[in-house]
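Keep in mind that the numbers below use all heavy atoms, side chains included, and drop hydrogens, waters and symmetry copies. Here is how names work: the chains are called A, B, and so on, in the same order as the sequence lines, proteins then strands, and each is numbered from 1.
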Amino acid sequence: MDELTLLHRQVHPSFVLENKISTQVFEEAIQRSSQIASSVFTPKSTDDGFLSVYNGEKHSAKDSYQHYVSQNFESAGVVAVTKGECGALSLPCIDDNDPFDGHASIDFKPLGNNAIKAKAKLLKNFATNRGWQFQPS
Amino acid sequence: MSKVKGAKPNQSFFSPKLTGKRFDNHTVPVEILDDFRALQELFTEIAKDLYFKDHPTRKRVPNGFTEGVTLSLSNISEGSTILDFLLVTTLTAHTVLGPSSNDYTYYERAKEKVEEIVKTAVLDNSNNSVKTLGNADYLKYFNRIGRNLKDDETLFFNSQNPQNGAYITRDVRQKIVKQLSEGNTYNDKFDIKALVNSIDKSNNSFTVEVGSNKLTSELGPKLFKTIITPFSNYSTKTYVRITGDGEYNNADKLIAITKISDLDVLDPLDMSIRLAELSKLKDGWYDSLGKSLSKKGLSLFEELFLEHYNNELPLPATFPTIEGNLHLEWTINGKEMSLEVHLPSINAEFQSVEIKNLDVIEQQLDLREKKGWEKLTKLLS
């Protein structure tokens with residue numbers, strides 16, 4: 001992985017509000033409602049401080065979505081940050097290929113809860129600016 | 001209050017009392033006067049019925065009987081809100097009618113009859129007690145009497161003796177109307193949040209969905225312009241708020257829209273709608289892990305949010321947390337901000353991160369207190 005490698009993250013349907021409103025009337029609302037939850041980038045308590053992502057060099061956004069939902073997990077689509085963006089926030093990225101080839105982890109481990117939340121907000125901001133990488137039709 | 005010609009202090013015909021939060025300052029909202037107009041019309045209808053009962057051979061009421069007779073509000077006094085109505089005729093220079101008048105006698109009996117119907121609805125729990133006293137023709141009047149009362153409000157018929165059982169609340173009104181109507185239906189106001197499901201231009205109608213309930217209404221040209229956007233965005237759940245009059249069935253379910261007073265397209269981030277959606281999450285909603293959100297906590301938070309959240313501020317995007325709490329998020333002026341609200345305690349943790357320089361602000365807020373919301377407003381401004 002290099003600095004520009006995309007790290008794909010699946011977005012649970014409850015962590016996104018609808019963003020397909022298409023009229024000028026809702027222009028402002030579109031910007032706001034296309035928000036995804038910063039929780040998308042917050043490791044779960046069971047994840048031991050690691051946030052699971054797909055290595056964009058091995059999985060396209062669409063591939064990652066298909067792989068994820070094939071395991072009976074729910075996803076509303078795929079957003080991404082780069083390895084470089086994580087590095088800028090002092091978050092190491094590990095190309096662990098575990099439990100499958102192309103799996104990677106963003107390491108939040110040394111951080112306390114509030115620091116995790118603050119960094120998740122910044123990752124969300126990077127991902128939101130980049131836009132959806134894949135959404136099922 | 002201007003005095004009616006000839007009015008004497010002891011000539012009050014009808015002295016009801018209104019109680020409830022809106023009446024605490026001893027004023028009467030104009031819409032409530034519509035209810036009294038319906039009551040006046042019902043008195044007239046019953047006065048005529050009583051006359052025919054007394055004179056079975058007559059086919060018409062005597063010349064001038066009930067003609068121009070109205071209730072005239074002469075005074076509003078304190079003690080919650082007590083209204084004094086005189087019985088007045090507009091036929092003869094707007095004069096007050098007294099007990100010596102033929103009209104007065106029948107109106108007095110009509111008033112007693114209405115009180116009897118209302119008392120029966122209050123005191124008798126059987127399903128047809130009102131029906132045996134009333135007449136289906138009275139339905140159209142009872143549909144309007146008490147229609148403008150709110151849940152906490154009561155209209156007592158006799159301010160001197162409010163405990164006599166003659167009073168109208170929203171529930172009592174429903175009971176009377178259900179019993180008088182053929183299909184046990186009744187009309188009432190409605191205030192719904194719905195999705196626009198379809199538009200039928202050939203019939204000039206449109207259909208909305210409230211949960212699994214589908215309702216069709218007439219579609220005027222003005223309304224068409226408003227609903228075309230939420231209709232186009234049906235799949236992305238763009239809700240509309242509709243207020244108006246409708247028909248309810250015996251189980252208090254809205255079954256038909258009679259009249260639309262107002263229709264507004266709601267913000268996609270509308271808090272009430274979002275909380276209603278989140279309340280449906282079940283344990284395990286996130287890959288078998290997410291906890292459901294406390295319904296009691298959601299209800300309390302909604303109440304507090306609607307009362308205290310500053311309308312000048314943008315609405316937050318509201319998400320659940322895996323732990324069963326709420327996570328409100330804003331992106332304002334280069335800052336990513338969040339408020340995690342613990343349910344059901346409503347204790348909250350605010351965090352703001354400035355994207356440019358990574359400055360972080362964190363604060364605990366007690367949103368049960370108004371001060372907590374004032375602090376939130378400052379943090380978001």
Are more than 12 heavy atoms from other residues, nucleotides or ligands located less than 6.0 Å from atom [atom1] of [X]?
X	atom1	result
B:K193	NZ	yes
A:N72	CG	no
B:E31	CD	yes
B:N333	CG	no
B:E303	CD	no
B:K259	NZ	no

Which answer fits [X], side chain, backbone, both or neither, if we ask what part of it has an atom under 4.5 Å from a heavy atom of chain A?
X	value
B:Q351	both
B:S288	neither
B:E340	side chain
B:L278	neither

Among B:E349, B:E329, B:E362, find the one that has a salt bridge (charged side-chain N to carboxylate O under 4.0 Å, His left out) with A:K117.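 Only one option passes, and that is B:E349.
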
To the nearest 0.5 Å, what is the distance between CD1 on B:I322 and OG1 on A:T42? 8.5 Å

Is it true that A:K121 and B:S338 share a donor-acceptor pair across their side chains at a distance under 3.5 Å?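 Result is yes, a qualifying pair exists.
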
Do A:S38 and B:E336 meet the criterion of a side-chain donor-acceptor pair at a distance under 3.5 Å? no

Non-neighbouring partners of B:T377 that pass side-chain contact (heavy atoms from CB on, under 4.5 Å), sequence neighbours left out: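 In terms of side-chain contact (heavy atoms from CB on, under 4.5 Å), with neighbours along the sequence ignored, B:T377 is linked to B:N310, B:L313, B:S381.
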
Show the atom names and distances, to 0.1 Å, of all donor-acceptor pairs under 3.5 Å that link a side chain in residues 6-17 of chain A to residues at least two apart or in another chain.
from, atom 1, to, atom 2, distance (Å)
A:H8, NE2, A:H59, O, 3.3
A:H8, NE2, A:A61, N, 3.4
A:R9, NE, A:V40, O, 2.7
A:R9, NH1, A:S52, O, 2.8
A:R9, NH2, A:V40, O, 3.3
A:Q10, OE1, A:S75, OG, 2.9
A:Q10, NE2, A:S64, O, 3.4
A:Q10, NE2, A:S64, OG, 3.0
A:H12, ND1, A:S14, N, 3.0
A:H12, NE2, B:W285, O, 3.0

Which residues, numbered in order, of residues 200-225 of chain B come under 4.5 angstrom of chain A by heavy-atom distance?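 None at all.
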
Using a heavy-atom cutoff of under 4.5 Å, enumerate the residues of residues 98-115 of chain A that contact chain B, numbered in order, or state 'none'.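 Interface residues of residues 98-115 of chain A: A:N114.
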
Taking every non-hydrogen atom, the tightest pair across A:L122 and B:I355: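 Scanning both residues, the minimum pair turns out to be CD2-CA, 4.0 Å.
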
